Student: 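Let me begin by handing over the structure; questions about it come next.
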Amino acid sequence: MTQPPKVAVLGSINMDLVCTTERRPEPGETVLGTGFAMVPGGKGANQAIAARRSDAEVEFLGAVGRDPFAAQLRQVLTDAGVGGARLRSLPGSSGVATIVVERSGENTIIVTPGANARFTELDADDLRVVADADILLCQLEIPVETVAAAARRARAHGTLVLLNPSPVRELPAELWRDIDVAVVNSGEAERLGAALAAVPHVITTRGGAGADYRGPDGVAQFPAPRVRVVDTTGAGDAFTGALAAAWHRGPERALPWACAAGALAATELGASASIPDAAAIARLLGDAAHGSDR
Ligand code: RIB
């Protein structure tokens with residue numbers, strides 16, 4: 001049994017306010033919803049929980065506000081077994097995502113960043129966590145400067161940098177130079193275009209169609225298992241967190257693992273609530289060998 005990989009996740013944590021409805025309203029229209037749930041989310045927290053449920057050792061670096069959501073957001077990390085000692089409490093509100101899920105499972109999301117946007121500085125303990133990790137996993141729901149500072153530290157200490165550049169935006173050239181692995185959806189791939197060419201490993205997720213991989217040894221396509229879709233919110237995060245946890249097994253094994261995690265996450269409502277554990281992923285893959293090399 002080898003040591004589980006150490007993953008430092010730097011990113012957002014939000015309270016997701018989820019409304020289900022038959023269909024989204026048109027501009028100016030009001031429709032009745034069919035249900036409501038408050039579920040902790042945020043791309044950073046979702047990916048941290050996904051990596052943990054795929055058996056990585058995970059530390060989360062992020063920020064909550066000083067409001068009634070903060071305690072619940074802390075608790076979800078604790079319950080998942082994610083290290084939350086580097087979760088700071090900043091004045092003002094926590095991040096909130098307003099999510100509308102249609103009957104088809106498709107969603108629209110408005111993120112109000114709150115404390116995530118005020119997470120502008122890494123202290124010496126944060127930087128030590130990054131340097132000690134095997135993988136630094138980041139997204140773009142916190143300031144790019146914070147991500148760039150962590151990536152710089154990671155690169156200097158041989159920590160692999162995995163970036164999910166979502167929500168997509170322009171990135172400074174020096175940050176691109178520090179990225180080892182990028183996980184993008186097809187819209188992000190199109191938007192980032194040539195900038196991705198310099199990244200050694202690029203994974204493009206294609207929802208129910210699986211994922212494409214491009215790396216130093218060539219390209220490959222990985223199908224996603226077919227599932228009954230209830231809510232796609234957080235499916236990409238489940239994919240990315242599981243990928244980070246399995247990356248040490250190589251793309252040929254990590255990609256099917258991540259595709260299965262993403263597929264399972266789409267079968268239930270709520271981002272963090274729907275993230276599968278390693279046993280469920282292995283079952284879906286019929287991966288009897290899972291565990292033998294961990
Ligand atoms: O990727 C899904 C996540 O995006 C949600 O949990 C929401 O909080 C937003 O960050």
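Given the structure is predicted, the values throughout are model-derived calculations rather than measurements. Note that ligands are numbered from 1 as they come in the structure, with each ligand's atoms numbered from 1 the same way.
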Student: Closer than 4.0 Å to some heavy atom of N46 - which atoms of ligand 1 meet that?
Tutor: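 Reading through ligand 1 atom by atom, the close ones are 2 (C), 3 (C), 5 (C), 6 (O).
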Student: Where is the nearest protein heavy atom to atom 4 (O) of ligand 1: which residue, which atom, and how far?
Tutor: K43 NZ, 3.2 Å
Student: Below the 3.5 angstrom mark, is there an N/O of E141, backbone or side chain, next to an N/O of ligand 1?
Tutor: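 Checking ligand 1 against E141, an N or O pair does fall under 3.5 Å apart.
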Student: Could you list the donor-acceptor pairs under 3.5 angstrom formed between side-chain atoms of residues 32-42 and any protein atom two or more places apart in sequence or on another chain?
Tutor:
unit_1 : atom_1 : unit_2 : atom_2 : d
T34    : OG1    : T20    : O      : 3.1
T34    : OG1    : T20    : OG1    : 2.9

Student: So, 4.0 Å and heavy atoms of G234: is ligand 1 close enough to count as a contact?
Tutor: yes
Student: In terms of atom number and element, which parts of ligand 1 are under 4.0 angstrom from non-hydrogen atoms of V111?
Tutor: 9 (C), 10 (O)
Student: With a 4.0 Å cut-off on heavy atoms, does G42 reach ligand 1?
Tutor: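 Yes.
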Student: Give a yes-or-no answer on whether the side chains of Q139 and S12 include a donor-acceptor pair shorter than 3.5 Å.
Tutor: no
Student: Counting distance only, does the side-chain N/O of D134 pair as donor-acceptor with the main-chain N or O of K6 below 3.5 Å?
Tutor: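 Looks like yes, one N/O pair under 3.5 Å.
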Student: Out of all atoms in ligand 1, which are within 4.0 Å of some heavy atom of G41? Include the element for each.
Tutor: 6 (O), 8 (O)
Student: Using a 4.0 Å cut-off to any heavy atom of A97, which atoms of ligand 1 qualify?
Tutor: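 Per the distance check, 7 (C), 8 (O).
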Student: In a table with atom names and distances, give each donor-acceptor pair under 3.5 Å that connects a side chain of residues 168-176 to protein atoms at least two apart or in another chain.
Tutor:
unit_1 : atom_1 : unit_2 : atom_2 : d
R169   : NH2    : L140   : O      : 2.4

Student: Would you compute the distance between atom CD1 of I99 and atom CG of L17 and round it to the nearest 0.5 angstrom?
Tutor: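 Answer rounded to 0.5 Å: 8.0 Å.
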Student: Among D16, N107, N46, T108, which residue meets the side chain to side chain donor-acceptor pair (under 3.5 Å) test with T233?
Tutor: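 The residue from D16, N107, N46, T108 that satisfies side chain to side chain donor-acceptor pair (under 3.5 Å) with T233 turns out to be N107.
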Student: Checking side chain to side chain donor-acceptor pair (under 3.5 Å) against S94, which of N14, N116, D67, T112 comes through?
Tutor: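 It is D67; the other options fail the test.
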Student: Just distances here: any N/O of D237 and N/O of ligand 1 closer than 3.5 Å?
Tutor: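 For ligand 1, there is an N or O atom that lies under 3.5 Å from one belonging to D237.
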Student: For atom 6 (O) of ligand 1, find the nearest protein heavy atom and state the residue, atom name and distance (0.1 Å precision).
Tutor: D16 OD2, 2.6 Å
